[in-house]
Colleague: 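Just dropping this structure here.
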Amino acid sequence: MPSEFALIRRHFTRPARHTDLAVGDDAALIRPRPGMQLAISTDMLVADTHFFADTDPKDLGWKTLAVNVSDLAAMGAEPRWVVLAASLPSADEGWIAPFAEGFFACCEAFGIDAIGGDTTRGPLNLCPTIFGEVPLGQAITRSGGRAGDELWVSGAPGRAALGLAHLKSEVRLAAEWRDDCLAALHRPQPRVALGLALRGLATAMLDVSDGLLGDLDHILELSAVGAEVDEAALPLAPLIAACDDPIRAFQACTAGGDDYELLFAAPAERRSDLLALSARLDLPLHCIGRLTSQPGRLQLRHANGQLDDLAVRGYDHFGRTP
């Protein structure tokens with residue numbers, strides 16, 4: 001059985017592009033570019049809480065990093081470096097090699113240097129910490145939303161939730177949509193290009209990891225605003241096509257999470273700029289509502305114009321049974 005250090009040398013040591021000192025010493029050495037702030041995030045993935053233990057290791061390698069990349073995209077930051085701490089049940093190279101392949105594929109896709117980390121024996125638990133850069137004063141936070149701003153979401157949130165429901169035999173997906181929904185679950189695509197392009201456009205932003213409406217509540221809290229969401233504007237059509245169940249599609253879109261699309265607010269007068277950005281990136285952007293002056297109040301506007309108050313919470317690891 002290979003030693004911890006042999007595993008690191010064999011599977012997790014790659015050439016660095018923009019790092020002074022990477023893997024192999026007691027600490028890495030990095031230098032932010034002039035005029036940049038560091039943006040730092042960490043996101044733990046635990047077997048049988050965030051993923052099934054028998055998930056394909058190559059897919060899991062990609063997702064382990066991608067969900068952290070998404071956090072930087074949500075700040076308008078460019079990902080640059082990552083360290084990975086991993087608890088592994090055994091030194092199984094038949095599992096570790098494809099995991100590393102998926103992890104470094106994500107590194108290559110987004111120009112990230114893997115600069116260190118740690119491994120130990122224990123229950124399967126993966127914890128990257130990612131570092132990125134954003135020009136001083138240009139980070140997009142959750143606290144900048146203003147009443148009157150429009151609410152937008154990228155892509156088609158809810159596909160990952162349908163993929164998970166399919167794996168749990170809770171829903172039957174149309175054959176032509178099954179692979180798409182499973183890819184959304186296993187290989188999320190962080191919206192880095194969108195996040196960078198939204199500097200100076202978006203007033204508040206986050207990525208949708210715990211459900212669209214539950215995550216929206218974080219913007220409402222930190223921006224001290226309310227929101228009206230238009231049911232008719234939600235991107236439900238692909239979800240309904242996938243599962244042929246409008247109720248399940250609505251639940252997946254609004255409460256599913258795990259898609260890592262970007263949810264953001266922007267001034268109404270910038271709508272044409274956002275539509276042009278959508279076309280340039282070839283990425284659907286949907287205006288799904290607006291922020292209001294009633295702090296904390298979240299309402300859903302139905303197709304008939306009726307407004308209903310919503311009490312929505314995102315996923316809570318200590319408030320619900322996983």
Side-chain angles (χ1 to χ4, degrees), residues 43-68 70-71 102 124-126 153-191 206-218 229-263 283-284 286 288 298 300 302 308 310-322:
D43 217 338
M44 186 184 302
L45 281 75
V46 179
D48 295 322
T49 296
H50 300 96
F51 60 91
F52 296 119
D54 62 354
T55 296
D56 179 88
K58 187 174 179 180
D59 286 342
L60 183 59
W62 173 280
K63 186 170 183 176
T64 295
L65 181 53
V67 301
N68 285 262
S70 182
D71 284 332
L124 184 54
N125 180 4
L126 307 159
V153 69
S154 65
R159 293 177 302 138
L162 290 184
L164 178 60
H166 167 77
L167 293 179
K168 296 168 72 174
S169 299
E170 295 175 354
V171 68
R172 290 186 61 184
L173 296 179
E176 63 269 28
W177 286 95
R178 190 176 304 131
D179 289 348
D180 179 72
C181 291
L182 290 174
L185 176 66
H186 293 309
R187 290 245 173 179
Q189 300 299 312
R191 303 304 189 185
L206 47 64
D207 66 335
V208 179
S209 57
D210 296 326
L212 190 153
L213 295 183
D215 284 331
L216 172 57
D217 193 54
H218 299 311
V229 173
D230 292 327
E231 184 177 12
L234 293 170
L236 299 177
L239 307 181
I240 295 172
C243 69
D244 194 27
D245 183 342
I247 294 175
R248 168 71 77 166
F250 178 82
Q251 292 171 338
C253 179
T254 58
D258 222 19
D259 290 281
Y260 304 95
E261 296 291 354
L262 295 185
L263 173 65
L283 174 64
H286 310 279
I288 61 168
L298 177 56
L300 180 68
H302 298 281
D308 285 337
L310 298 176
V312 179
R313 292 182 61 206
Y315 183 84
D316 182 344
H317 288 282
F318 297 100
R320 300 180 184 180
T321 302

Colleague: Going by heavy atoms in the side chains, are Leu167 and His186 under 4.5 Å from each other?
Modeller: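 With C-beta onward as the side chain, the pair touches.
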Colleague: Could you tell me if the side chain of Leu310 sits less than 4.5 Å from the side chain of Leu213, heavy atoms only?
Modeller: yes
Colleague: Any sub-3.5 Å donor-acceptor pair from Thr55's side-chain atoms to Phe51's backbone N or O?
Modeller: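 The answer is no, because no donor-acceptor pair under 3.5 Å joins these two groups.
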Colleague: Treating His166 as the side-chain partner and Leu162 as the backbone partner, does any N or O pair qualify as donor plus acceptor under 3.5 Å?
Modeller: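 No.
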Colleague: Between the side chains of Asp308 and His302, is a donor N or O closer than 3.5 angstrom to an acceptor N or O?
Modeller: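 Yes, a side-chain donor-acceptor pair sits under 3.5 Å.
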Colleague: Contact between Cys253 and Pro235 at the side-chain level, heavy atoms closer than 4.5 Å - yes or no?
Modeller: yes
Colleague: Below 4.5 Å, heavy atoms only, C-beta onward: do Leu206 and His218 meet side chain to side chain?
Modeller: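 A side-chain contact exists here, since the closest heavy-atom pair is under 4.5 Å.
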Colleague: I'd like to know if the side chain of Asp259 reaches the main chain of Glu261, judged simply by a donor and an acceptor atom lying under 3.5 Å from each other, with no hydrogens or angles considered.
Modeller: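 Between the backbone of Glu261 and the side chain of Asp259 there is no qualifying donor-acceptor contact (under 3.5 Å).
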Colleague: Quick one: are Val153 and Leu262 in side-chain contact, heavy atoms under 4.5 Å?
Modeller: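 No, too far: nothing below the 4.5 Å cut-off.
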Colleague: Report the residues that fulfil side-chain contact (heavy atoms from CB on, under 4.5 Å) with Ala174, sequence neighbours left out, ordered by chain and then residue number.
Modeller: Glu176, Trp177
Colleague: Counting distance only, does the side-chain N/O of Asp215 pair as donor-acceptor with the main-chain N or O of Ser209 below 3.5 Å?
Modeller: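 Side chain of Asp215 to backbone of Ser209, a donor-acceptor pair under 3.5 Å: yes, one is there.
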Colleague: Within a strict 4.5 Å, meaning less than it, do heavy atoms of the Lys58 and Arg187 side chains meet?
Modeller: yes
Colleague: Between Lys63 and Asp258, is there a salt bridge with N-O shorter than 4.0 Å?
Modeller: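 Answer for the salt bridge query: yes.
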Colleague: Give the intermediate values and the outcome of side chain to side chain contact (heavy atoms under 4.5 Å, CB included) for residues Leu263 and Asp207.
Modeller: CA-CA 6 Å; Leu263 173 65; Asp207 66 335; over 6 Å; no
Colleague: Between Arg159 and Leu239, is there a side-chain heavy-atom distance shorter than 4.5 Å?
Modeller: yes
Colleague: Show your reasoning for whether side chain to side chain contact (heavy atoms under 4.5 Å, CB included) applies to Val208 and Tyr260.
Modeller: CA-CA 5 Å; Val208 179; Tyr260 304 95; over 6 Å; no
Colleague: Apply side chain to side chain contact (heavy atoms under 4.5 Å, CB included) to Leu126 and Met44, showing your working.
Modeller: CA-CA 6 Å; Leu126 307 159; Met44 186 184 302; over 6 Å; no
Colleague: Do Thr254 and Val229 touch side chain to side chain, with heavy atoms closer than 4.5 Å?
Modeller: no
Colleague: Show the nearest heavy-atom pair for residues Pro157 and Leu212, with the distance to one decimal.
Modeller: CG-CD1, 3.9 Å
Colleague: Please check: side-chain N/O of Asp230 versus main-chain N/O of Ala233, any donor-acceptor pairing under 3.5 Å?
Modeller: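 Side chain of Asp230 to backbone of Ala233: no pair is present.
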